[in-house]
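The structure appears right after this line, and notes come after that.
Here the structure is a predicted model, which is why all the values come from computation and not from measurement. Below, all heavy atoms of this structure are taken into account, side chains as well, without hydrogens, waters or symmetry copies.
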Amino acid sequence: GETITGDIKGKTVVIIDDIISTGGTIGRTVTACKNQGATQVYTLATHGLFTGNPAETLKEPLLRQVIVTNTIPPFRLEHSKIKEKLILLNAAPLFAEEIKRIFECGTVTELSDT
């Protein structure tokens with residue numbers, strides 16, 4: 001099984017990733033956190049594909065929230081049991097501001113600092 005480095009017993013764990021595809025890595029990590037005594041787990045990723053069976057993979061109650069941007073519509077989650085755990089963050093305002101700044105010959109580097 002997976003092993004977490006560090007003492008997480010009695011602690012809240014935050015898992016950050018670029019993409020959640022099937023949820024398998026997150027599911028295994030949450031199980032490892034549970035086995036090592038974490039009290040709750042939150043995960044966030046830029047993109048959420050949710051292929052396969054995310055309701056089964058991410059059903060562990062220790063996993064409290066799954067936070068992703070809306071860059072990929074989560075079609076597979078309409079009837080999923082994890083829908084109540086899902087938070088979709090709207091990426092449109094950030095993209096709109098970047099396009100505006102590029103069009104006006106402004107800087108976009110400071111957007112990554114906010």
Side-chain angles (χ1 to χ4, degrees):
E2 304 288 328
T3 302
I4 306 296
T5 303
D7 179 18
I8 60 169
K9 186 173 184 166
K11 298 192 174 141
T12 297
V13 175
V14 177
I15 303 168
I16 301 172
D17 207 346
D18 57 346
I19 191 165
I20 299 173
S21 184
T22 64
T25 301
I26 298 295
R28 288 187 301 277
T29 305
V30 170
T31 299
C33 290
K34 180 180 181 179
N35 293 341
Q36 290 182 234
T39 57
Q40 54 189 351
V41 177
Y42 294 81
T43 186
L44 47 105
T46 304
H47 310 289
L49 283 175
F50 301 108
T51 60
N53 188 358
E56 182 63 29
T57 308
L58 302 174
K59 69 179 180 182
E60 170 59 53
L62 187 71
L63 178 61
R64 301 295 173 85
Q65 287 183 334
V66 178
I67 304 166
V68 295
T69 66
N70 64 348
T71 56
I72 300 172
F75 297 116
R76 304 208 23 103
L77 298 180
E78 287 98 15
H79 306 291
S80 170
K81 292 177 184 173
I82 71 155
K83 188 174 181 180
E84 68 238 11
K85 295 182 181 186
L86 184 67
I87 295 177
L88 283 175
L89 301 178
N90 187 4
L94 178 61
F95 292 151
E97 183 62 27
E98 285 183 359
I99 291 167
K100 177 181 174 233
R101 289 180 184 210
I102 291 168
F103 181 74
E104 295 174 348
C105 297
T107 180
V108 294
T109 54
E110 66 188 32
L111 289 175
S112 62
D113 294 336
T114 59

Could you grab the distance from atom CG of Leu49 to atom CD1 of Ile19, nearest 0.5 Å is fine? 4.0 Å
Can any side-chain N or O of Glu60 pair as donor or acceptor with the backbone N or O of Leu62 at less than 3.5 Å? yes
Going only through I, L, V, M, F, W and Y residues with side-chain contacts under 4.5 Å, is there a path from Ile20 to Ile16? no
Indicate the atoms forming the closest heavy-atom contact of Ala38 with Val13, along with that distance. CB-CG2, 3.8 Å
For the side chain of Asp18 and the backbone of His47, is there at least one donor-acceptor N/O pair under 3.5 Å apart? no
Side chains of Lys85 and Leu63, heavy atoms from C-beta outward: is any pair under 4.5 Å? yes
With the side chain counted from C-beta on, respond yes when Val30 and Ile15 share a heavy-atom pair under 4.5 Å apart, and no when they do not. yes
Given 3.5 Å as the limit, does a donor-acceptor pair link the side chain of Thr39 with the main chain of Lys11, or not? yes
If you group Ile, Leu, Val, Met, Phe, Trp and Tyr by side-chain heavy-atom gaps below 4.5 Å, do Ile26 and Ile87 land in one group? no
Do Phe50 and Leu58 have side chains that get closer than 4.5 Å, going by heavy atoms? yes
For Ala32 against Ile4, the heavy-atom pair lying closest together: CB-CG1, 3.9 Å
Roughly how far, to the nearest 0.5 Å, is OG1 of Thr71 from CG of Asn90? 10.5 Å
Is there side-chain contact between Val68 and Leu88, with at least one heavy-atom pair below 4.5 Å? yes
Does any part of the side chain of Thr43, heavy atoms only, come nearer than 4.5 Å to the side chain of Asp17, both counted from C-beta? no
Are any non-hydrogen side-chain atoms of Leu44 and Gln65 less than 4.5 angstrom apart? no
Report yes or no: do Leu89 and Ile72 belong to one cluster of Ile/Leu/Val/Met/Phe/Trp/Tyr joined by side chain heavy-atom distances under 4.5 Å? no
